[in-house]
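Accompanying notes for the structure given below.
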Amino acid sequence: MRINTSNAPAALGPYSQAIKKGNMIFVSGQLGLVPETGVLPEGIEAQTKQSLTNIKNVLAAAGASLEDVVKTSIFTSDLSSFGKINEIYATFFNSEATPARSCVEVSALPKGALVEIECIAIVG
């Protein structure tokens, strides 16, 4: 089942915000775009916060929450921002049940974003 919400930015290409298959939800990479304006806020902290907010909103549209996330993947254009990304990330996930995660540096992200985050959640 395709998941779509206006509370997160529309897909920038031929893909879905998320797909729900059985009890699994696969959320596409979310940039830190503000859904109402399509603008990227300045700075890695603001973009990370907005990216995770967008994920939270897509999950809500699928009937899930951040507590259901089992795996995240973070892509950043500057791995020296790892500490700042972690600070914001930690405010979104319960420290007792943080999901498995990878974080990699990439040469570039769409729209010149500094970070993109995707996740997998399991409900039920």
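Excluded from the calculations below are hydrogen atoms, water molecules and symmetry mates; all remaining heavy atoms, backbone and side chain alike, are included.
- Note on Ile117: it clusters hydrophobically with Leu66, by side-chain heavy-atom contacts below 4.5 Å among ILVMFWY residues.
- One finds the CG atom of Leu114 at 7.5 Å from the CG atom of Leu40 (value rounded to the nearest 0.5 Å).
- Tyr89 OH to Cys103 SG: the interatomic distance, rounded to the nearest 0.5 Å, is 9.5 Å.
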- Message: Apply side-chain contact (heavy atoms from CB on, under 4.5 Å) to residues Phe75 and Leu109 and explain how you reach the verdict.
- Response: CA-CA 8 Å; Phe75 307 94; Leu109 290 166; 4.1 Å; yes

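- Between the side chain of Asn7 and the main chain of Val58, no donor-acceptor pair closer than 3.5 Å is present.
- Applying side chain to side chain contact (heavy atoms under 4.5 Å, CB included) to Ile74 and the options Ile85, Leu52, Thr48 leaves one that passes, Ile85.
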- Message: Between Lys49 and Ser51, does the side chain to side chain donor-acceptor pair (under 3.5 Å) criterion hold? Intermediate values first, please.
- Response: CA-CA 6 Å; Lys49 182 177 180 180; Ser51 174; over 6 Å; no

- Message: Using the rule given for side-chain contact (heavy atoms from CB on, under 4.5 Å), can you reason through Asn54 versus Gln50, listing the C-alpha separation, both sets of side-chain angles and the distance that settles it, and then say yes or no?
- Response: CA-CA 6 Å; Asn54 293 340; Gln50 187 61 54; 2.9 Å; yes

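- Looking at heavy atoms from C-beta onward, Ser16 lies in side-chain contact with Arg2 at the 4.5 angstrom threshold.
- The local environment of NZ in Lys111 is sparse, with at most 12 non-hydrogen atoms from other residues, nucleotides or ligands closer than 6.0 Å.
- Using modelled atom types, one side-chain atom of Gln17 and one backbone atom of Pro9 make a donor-acceptor pair closer than 3.5 Å.
- The side chain to side chain contact (heavy atoms under 4.5 Å, CB included) check on Glu105 picks up Asp78, Leu79, with sequence neighbours excluded.
- Ser81 places none of its side-chain heavy atoms less than 4.5 Å from the side chain of Val115.
- Distance alone, capped at 3.5 Å, places no donor-acceptor pair between the Thr98 side chain and the Ser95 backbone.
- Under the 4.5 Å side-chain heavy-atom criterion for ILVMFWY residues, no single connected hydrophobic cluster contains both Val106 and Ile44.
- Hydrophobic clustering of Ile, Leu, Val, Met, Phe, Trp and Tyr side chains at less than 4.5 Å, counting indirect connections, unites Ile88 with Val27.
- One distance of note links CD1 of Ile55 with CD of Glu116; it measures 9.0 Å at 0.5 Å rounding.
- Looking at Ser73, its side chain never comes within 3.5 Å of a backbone N or O of Ser102 through a donor-acceptor pair.
- Shown here are the side-chain hydrogen bond (donor to acceptor under 3.5 Å, both in side chains) partners of Asn86, two or more places apart in sequence or in another chain: Arg101.
- No side-chain donor-acceptor contact under 3.5 Å links Asp68 to the backbone of Ala64.
- Listed by first and then second residue, the side chain to side chain donor-acceptor pair (under 3.5 Å) pairs that reach into residues 21-47 come to none, sequence neighbours excluded.
- When all heavy atoms are compared, the tightest approach of Gly38 to Leu33 is O-CD2, 3.2 Å.
- Expressed to the nearest 0.5 Å, how far CG of Leu59 lies from CD1 of Ile3 amounts to 9.5 Å.
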- Task: Report the C-alpha distance between Val123 and Ile25 in whole Å, list the side-chain angles of each, state the deciding distance to 0.1 Å, and finish with yes or no for side-chain contact (heavy atoms from CB on, under 4.5 Å).
- Result: CA-CA 8 Å; Val123 293; Ile25 302 164; 4.0 Å; yes

- Show the numbers, then the answer: is there a side-chain contact (heavy atoms from CB on, under 4.5 Å) between Ile120 and Met24? CA-CA 7 Å; Ile120 300 170; Met24 298 183 75; 4.0 Å; yes

